[in-house]
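The structure appears below as structure tokens.
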Number of protein chains: 2
Amino acid sequence: MNLNSPADHGKEGSGGASCPMDFILRMLMGPWTTYIVYNLRTFGPQRFGELKRRVAGISAKMLTERLRTLEGAGLVRRDYEATIPPKVTYSLTARGHELDEVLGKLAEVATRWQAEDAAARALKAAE
Amino acid sequence: MNLNSPADHGKEGSGGASCPMDFILRMLMGPWTTYIVYNLRTFGPQRFGELKRRVAGISAKMLTERLRTLEGAGLVRRDYEATIPPKVTYSLTARGHELDEVLGKLAEVATRWQAEDAAARALKAAE
DNA sequence: CAGGATCCCAGTGGATACTG
DNA sequence: CAGTATCCACTGGGATCCTG
């Protein structure tokens, strides 16, 4: 969109109470973030390569970038071990788990809607 | 990202239980959707023009597109009155309110984090 | 192994003009 | 008023190559 646009926030409806959303939505942008959080929770702390393999299709560039953002927001922890070859482990912080929980709720309603729609279609097809 | 990419979902971590997320995240993509839902809930059913004025900065094109998507997903209802000039009213459906609720939770944690961070910074600046 | 640097294309979305 | 249609600039992100 464009965050630098002059008259954007804090005016009327858009701004006000919902503005922290900007932050969190930028967090979630691209399905990648969700997948990363999901995998970190499901498979526990893991290394860059593992994560990359699990989040099928993501490029190293993207993974790095998203992890940095997540780290900056305090959702993910990065542990660097300067061995050769280096070993970097990522894990969810308390905040990360909190986000995961809310995402779980989203997934829940999404799943239910999907099921409802499927049922509705089946009904319509059968008549 | 690219949903058509061959080996993407249903493989390992990424796919499986979290896949309905794809749907809902595509829904939320761009802060616009959130703002639209937020405004429809806060200010009630309203016309295209009103909504456009409230969601400051959005283009007609975007607003139309997002509303169509929301409508397709059953989150928003569109009532068309073929008067001259035409009058179109948009409102949240039950699902729309459900989404709004979950978004509220997101906003809640985002707000708290923001406050925590601010407090931490203040503490650090004061020492 | 983890990731920085570069190049480059495709899709996203804004601006503008037009219509039922 | 509520869009649709067209054009175009910008950038997100993949591919590739390189390094500590």
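Below, chain A is the first sequence line, B the second, and so on; all start at residue 1.
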Check whether any side-chain nitrogen or oxygen of A:Trp32 sits under 4.0 Å from OP1 or OP2 of D:dG14, and answer yes or no. yes
Can you check the A:Arg53 CZ to C:dG3 P distance for me, whole Å? 14 Å
Tell me the interatomic distance from A:Glu65, atom CD, to D:dG14, atom P, rounded to whole angstroms. 10 Å
When you get a sec, tell me which of C:dG20, C:dA2, C:dG4 is the closest nucleotide to the side chain of B:Pro86? C:dG20
Phosphate OP1/OP2 of D:dA2: any B:Arg47 side-chain N/O under 4.0 Å: yes
Check whether any side-chain heavy atom of B:Tyr90 lies under 4.5 Å from a side-chain heavy atom of B:Ile36, and answer yes or no. no
In whole Å, I'd like the distance from the CD1 atom of A:Ile58 to the C1' atom of D:dG14. 11 Å
5' precedence on DNA chain D between A:Lys61 and B:Tyr90 (nearest-nucleotide basis): B:Tyr90
CG of B:Leu67 versus P of D:dG3: gap in Å, rounded? 8 Å
Between D:dG14, D:dT6, C:dC1, which nucleotide gets closest to the side-chain atoms of A:Met62? D:dG14
Side chain of A:Ser59 only, heavy atoms from C-beta on: which candidate in C:dA2, D:dG14, D:dA2 is closest? D:dG14
Phosphate OP1/OP2 of C:dG4: any A:Arg68 side-chain N/O under 4.0 Å: yes
Assess whether atom CZ of B:Arg95 is packed by more than 12 heavy atoms of other residues, nucleotides or ligands within 6.0 Å. yes
I need the OH-P distance between A:Tyr80 and C:dG4, as an integer number of Å. 10 Å
Taking the minimum atom-to-atom distance to the side chain of A:Phe48, which one of C:dG13, C:dG20, C:dG3 wins? C:dG3
Please determine whether a side-chain nitrogen of the Lys or Arg among B:Glu116 and B:Arg112 lies less than 4.0 Å from a carboxylate oxygen of the Asp or Glu. yes
Taking 4.0 Å as the cut-off, does a side-chain nitrogen or oxygen of A:Arg66 come that near to OP1 or OP2 on D:dG13? yes
Let's go through A:Glu50 and A:Phe43 carefully: what are the C-alpha distance in whole Å and the side-chain angles of both, what is the deciding distance for side-chain contact (heavy atoms from CB on, under 4.5 Å) to 0.1 Å, and is it a yes or a no? CA-CA 10 Å; A:Glu50 282 177 87; A:Phe43 301 98; over 6 Å; no
What is the distance from CD of A:Gln46 to P of C:dC1, rounded to the nearest Å? 15 Å
Sub-4.5 Å side-chain heavy-atom contact between B:Leu51 and B:Leu67: yes
Between C:dG3 (P) and A:Glu81 (CD): distance, integer Å: 13 Å
Rounding to a whole Å, what distance do you find between A:Ile36:CD1 and D:dG13:P? 11 Å
